[in-house]
Amino acid sequence: MLTFHIHINGLVQGVGFRPFVYRQASIYEITGWVNNTNNGVHIECTGAAEKVNLFYNSLISNPPHNAVISHHQIQPIDTRFFDAFTILQSTHDDKPDMLLTPDIAICHTCREELNDAKNKRFFYPFTTCLNCGPRYSITTRLPYDRVNTTMSDLQMCPSCLAEYRDLKNHRFYSQTNSCITCTIPMCFYSTAQHCISKDPQEILAIIITELQLGSIIAVKGTGGYLLMCDATNPVSINTLRTRKHRPAKPFALLYTDIKLAAADVVLQACEMNSLKDKVAPIVLCKLKSVSANGICSAAIAPGLDKIGVMLPNSALLLLIAETFGKPLIATSANISGSPIIYKDKDALENLFDIADYVLTYEREIVAPQDDSVIQFAGNTQQIILRRSRGLAPNYFPNPFTFMNEQVLAMGAELKSAFALLEQKNIYISQYLGDQGTLESQTCFKETLQYFTHLVKASPKNILLDKHPGDAVSQYGTTLAAEKNITVTAIQHHEAHFGAVLAENNLLQSKEPVLGFIWDGTGYGDDAQIWGGEVFIFEKAGMKRVAHLNYFPQLLGDKMSREPRLSALSLLKHFPDKQIILKEYFSATAWLYYLELLQQPVIVSTSSMGRFLDGIAAILGIQIYNSYEGEAAMKLEVMAAKCKNKPADYYAIPLENDCLNWEVFIAALLHDYLQKTALSVIAWKVFFSLAKMIEKVSDHYKIKQIAFSGGVFQNALLVDLIQQQLKDKCTLYFHRQLSPNDECIGFGQIACFSLQHKKQEEKHSVKEKISFKNYQ
Ligand SMILES: [Zn+2]
Ligand SMILES: [Zn+2]
């Protein structure tokens, strides 16, 4: 008999790891113990050497489905004898050094139990097990144990406790265990003061009736409140739009299952897999020409050819969806522009302006999260549009191993998400919304505080965007001053490039990498607004080598809301063509803007986002953006209608490090005035961008190409780039992160690590030189 100590680290908490270890120990006749600690799972095991070996291999090679092992180690220790194998109480004396588990969507077994009349969890709205349920959203402290979650006050009934203690049960050691006897109390409100029912069955019945009658119901979800209504009822949907002040931004739909969804949308294999995945994200899927369920797609996603589809991620949502039997609108409950509402008090105070009823329950949410959103380009390329519930917190094994300082990166202003480098790992927060409102700023601060407390981090550096006016950057500056630590500003597009390089392990690349960083807005080193940038990464340094030629930024941020202004700016040097736009302005506005165009340019932009906006307005497709990216999305919809795809394209020649788009616009105007079909022109726009990338790659003779920035959320563009270039170049896209500004925090750390490394090298060169002098 020999005794060994095993240490396993990674995503090993809240995924049933200890019960799994216990079971394996009984298979291999091992005695000893397993323990959850702040630095992962520790095991002491005694057994025959070959059996211990088999035991260890089984732990490492075949861990529970939701576990991710990042480090593991086995060491012989002095032989000790145990009577049995036991799970010890968790200890949390040390500083946490492990990964937080994201929330996991309801599993297949729990789904079946929910519908089994003989099961004690038949129709029980909080059914979870060892393999599924909330994790991150309810964890108040590490390690993950019932006492460290917001379910700590709820006692398990004897029957649940028996399951919890039964090795053979799939709720053995399940921390979120509860049932109808020891239920999480629910409350269904008709006004902020009036709870009309606390009975789950009765509440479900009222919800279904009210949905059928056209009511809007706010339901507490895993990461925050959702607003739900009948997706086949145009009156309800329009009421929701009016009350939410959301004229056109698409809503996501909740379907019971794949079969029901397939009646309305075309589903590829990758999309089906993603819908059924433990993340259960919203997946953008192509609408069928006829909806068999009778959904009002024109009201749900006006002018778009895709809708967001989601399957229930919790038992509660599943019960509502199944009992209702038809698709439901399920959209984050927030007040326009503010983050998702996740506290019961806020829900009762604010949501009655939008919803007719509010359903709450006593399982507090501590980490607010929207539903994650993804789509696919081509057949397989996943694009993350919003990284939140189920995907966050992201973590990466630290790729910057040479840097052992704790670093907090504040991220960007519009799609905010912070990143934290902490020893072996990098954590990236969930999407925290646009920082334009006080509510968003509070949510950001609270989440940051919650998170740093959870992992007990005390960063020594703070990184922020160079934009002087950003709220997150100002907050970062204040934090740094309070803690007396250093602040480093990182340029926005360099951060994007750094993010995609680091995500693809390219920071040590010996070969140069060409980077196309295209988005809407980022503060440039020359105080202009960048966004159509070309970078080269070489010898661990990056350089901006080219950009979309500048055009006037008219009236600051107003330009991003009004594509017609981008169009006017693009037509500055086409005075005889400006008339095309006249109909989109009032007579006085027209004169005003024409005059503005003649004045000296104060701020210019190279933004690809604004360039595409401008094209959408020139073509008359979208004049105003009622939500971010609307014009570019409508342009994509138009392009998708193109049946006979032409082989020619609009050239954008590279001249003096500038991409001369005027040649492109001149050719496009020619097509437009020749009455070429809009779908053909729109398709040529995206095809031309893919061709431009090819030409630039040829020009610099660089065959490794990386892409980042919100423009690469466009599935058609990504698809065309793949088609054009995948055989002659190696292409790198974001994989676990979004190409939009949610990746900025991670990228800021990547850029900082490069600076850090350069300094270290300089330092070591100096040391070598001084050493020589002494010899
Ligand atoms: Zn389950
Ligand atoms: Zn119970």
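Every number for a ligand or one of its atoms is a count from 1 in the order of the listing. Values below: all heavy atoms of this structure, side chains included; hydrogens, waters and symmetry mates excluded.
In summary, Glu29 and Lys51 engage in a salt bridge, as defined by a charged side-chain N under 4.0 Å from a carboxylate O. Asp370 and Arg389 are not joined by a salt bridge, as no carboxylate oxygen comes within less than 4.0 angstrom of a charged side-chain nitrogen. Using a 4.0 Å cut-off between charged side-chain N and carboxylate O, Arg135 and Asp103 make no salt bridge. A salt bridge is defined here as a Lys NZ or Arg NE, NH1 or NH2 lying under 4.0 Å from an Asp or Glu carboxylate O, and Arg171 with Glu113 meets this definition. The residues Asp264 and Lys288 are annotated as not salt-bridged, no charged nitrogen and carboxylate oxygen being separated by less than 4.0 angstrom.
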Open item on the list: Show, in sequence, the C-alpha distance, side-chain angles and deciding distance for Lys120 and Glu163, and conclude whether the salt bridge (Lys or Arg N to Asp or Glu O under 4.0 Å) test is met.
Closed with: CA-CA 12 Å; Lys120 79 169 194 181; Glu163 291 172 332; 3.5 Å; yes
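Distance alone, capped at 3.5 Å, places no donor-acceptor pair between the Glu271 side chain and the Lys286 backbone.
Side-chain contact annotation: Ser215 with Glu210, donor-acceptor N/O pair under 3.5 Å present.
Of all protein N/O/S atoms, those under 2.8 Å from the Zn ion (ligand 2) are Cys157 SG, Cys160 SG, Cys179 SG, Cys182 SG, and waters are not counted. Of all protein N/O/S atoms, those under 2.8 Å from the Zn ion (ligand 1) are Cys107 SG, Cys110 SG, Cys129 SG, Cys132 SG, and waters are not counted.
Taking 4.5 Å as the limit, every side-chain heavy atom of Thr149 sits out of range of all side-chain heavy atoms of Thr140.
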